[in-house]
2 protein chains.
Amino acid sequence: MATDSYAHLAYYERLVLQIKTQILQGILLPGDKLPSVREMAKQEQLNPNTVAKAYKQLDQDGITYVEPGRGTFIAEPLTKVSTTAIAAFRPKFEAIVVEAKSLGISVDLLRQWLSEAEGKI
Amino acid sequence: MATDSYAHLAYYERLVLQIKTQILQGILLPGDKLPSVREMAKQEQLNPNTVAKAYKQLDQDGITYVEPGRGTFIAEPLTKVSTTAIAAFRPKFEAIVVEAKSLGISVDLLRQWLSEAEGKI
DNA sequence: ATTAGTGTACTATGTATAATAGTACACATC
DNA sequence: GATGTGTACTATTATACATAGTACACTAAT
């Protein structure tokens, strides 16, 4: 796996995050083919079932699409945002902010991180 | 438990977050005594062991302190921020940003949420 | 001294999830 | 037909969560 900064995540979640990041960074483009489940398993030193779980979630999230017998490909970016997805996501974000503040991290520093992240993705 | 917006968290983690939030909001002040493990368990409809786990984490995080035989009390706010804590926290924050962008949520909206959260805590 | 109320530690059980291993199948391509 | 796809199973191991119950050292009040 790429980094060990995400030890708090399960293997399949790290892989999902890694692929989502590469899409946002333009490394992976719509139509690009992902390595097969078995190939990715070799690359990332994971069990094929673990990779399959990651691919399944990417497919369910609309990040990728599957052409049966051919492989998994990067989908076009989402155009309209799901309001229910936003509503479900916001509490997660607010919880992170509370965690940060409890650690003594200022909101201004979070704003700075946000801008820096914006440059990367 | 207060809200069900945090279904993604374990019971003990929700309780930790709830107490941290109340501290940030000034509802709980340094020196205030938390309900006993058994009392809190009744209030929140939890097993005393689950509450004890939450109290243990709060103590380890320096959020509270224990006076043996007397109870658990809110500690003074952290003055100096642990650099290691920041280093460990940042990947979490960046992962959340990636998740948001993948859902189609703009960084500007995250900035807005940040400012709104700043008003609450 | 006794009693009651603290946090804490321990064992145990049931449930759920994560990650592994192995097998099998329908599909598309060559 | 052979190969490479994703997918669906079963099974095992390990870990985490939440529960239940018991016990102990400590403090405070009676």
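Numbered from 1 within each chain, the chains take letters A, B, ... in sequence-line order. Computed from heavy atoms alone, side chains included, the values below leave out hydrogens, waters and symmetry copies. From a predicted model like this one, the values you see are computed outputs, not experimental measurements.
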Sequence neighbours excluded, which residues qualify as side chain to side chain contact (heavy atoms under 4.5 Å, CB included) partners of [X]?
X	result
Ala88(B)	none
Asn47(A)	Asn49(A), Thr50(A)
Pro35(B)	Glu39(B), Met40(B), Gln43(B), Tyr55(B)
Ala95(A)	Tyr6(B), Leu17(B)

field: Qualifying side chain to side chain donor-acceptor pair (under 3.5 Å) pairs with a residue from residues 80-90 of chain B, counting only residues at least two apart or across chains
entry: Glu116(A)-Arg90(B), Ser82(B)-Thr84(B), Arg90(B)-Glu94(B)

Would you mind reading off the distance between [X] atom [atom1] and [N] atom [atom2], rounded to a whole angstrom?
X	N	atom1	atom2	result
Leu9(A)	dA16(D)	CG	P	15 Å
Glu44(B)	dA18(D)	CD	C1'	15 Å
His8(A)	dA16(D)	NE2	C1'	16 Å
Lys56(B)	dA16(D)	NZ	C1'	14 Å
Lys42(B)	dA20(D)	NZ	P	14 Å

statement: Axis-to-axis angle for the helix from dA1(C)-dT30(D) to dC30(C)-dG1(D), ends of five pairs each, to 10°, equals 20°

query: What is the nucleic acid contact for Ser36(B), judged by heavy atoms within less than 4.0 Å: base, sugar-phosphate only, or nothing?
result: sugar-phosphate

Could you give the side-chain donor-acceptor pairs of residues 97-110 of chain A under 3.5 Å, partners two or more places apart or in another chain?
unit_1: Glu99(A); atom_1: OE1; unit_2: Lys20(B); atom_2: NZ; d: 3.1
unit_1: Ser102(A); atom_1: OG; unit_2: Val98(A); atom_2: O; d: 3.1
unit_1: Ser106(A); atom_1: OG; unit_2: Leu109(A); atom_2: N; d: 3.1
unit_1: Asp108(A); atom_1: OD1; unit_2: Arg111(A); atom_2: NH1; d: 2.9

- prompt: Taking all non-hydrogen atoms of both residues, which atom of Ala54(B) and which atom of Leu15(B) are closest, and how far apart?
  reply: CB-CD2, 3.8 Å

query: Counting only non-hydrogen atoms, which of residues 58-70 of chain B are less than 4.0 Å from DNA chain C?
result: Val66(B), Gly69(B), Arg70(B)

message: Please compare Leu34(B) and Ala10(A) by the position of their nearest nucleotide in DNA chain C and report the one closer to 5'.
response: Leu34(B)

- line: With sequence neighbours left out, the residues meeting ring pair (Phe, Tyr, Trp, His ring centres under 6.0 Å) with Phe93(B) are Trp113(A)

message: Looking at Lys42(B), I'd like to know if its NZ atom is crowded, meaning that more than 12 non-hydrogen atoms belonging to other residues, nucleotides or ligands lie closer than 6.0 Å.
response: no

- request: Go through DNA chain C in 5' to 3' direction and return only the first and the last nucleotide with some atom under 4.0 Å of chain A's heavy atoms.
  value: dA18(C) to dT29(C)

task: Starting from the 5' end of DNA chain D, give me the residue, Gly71(A) or Asn49(A), whose nearest nucleotide shows up first.
output: Gly71(A)

task: Take Asn47(B) and Arg38(B), find for each the nucleotide of DNA chain D with the closest heavy atom, and name the residue whose nucleotide sits nearer the 5' end.
output: Asn47(B)

- request: Could you tell me which residues satisfy side chain to side chain donor-acceptor pair (under 3.5 Å) with Asp32(A), sequence neighbours excluded, listed by chain and number?
  value: none

Compile the donor-acceptor pairs under 3.5 Å between side chains in residues 62-74 of chain B and protein atoms, sequence neighbours left out, one pair per line.
unit_1: Thr64(B); atom_1: OG1; unit_2: Asp59(B); atom_2: N; d: 3.3
unit_1: Glu67(B); atom_1: OE1; unit_2: Arg70(B); atom_2: NH1; d: 2.3

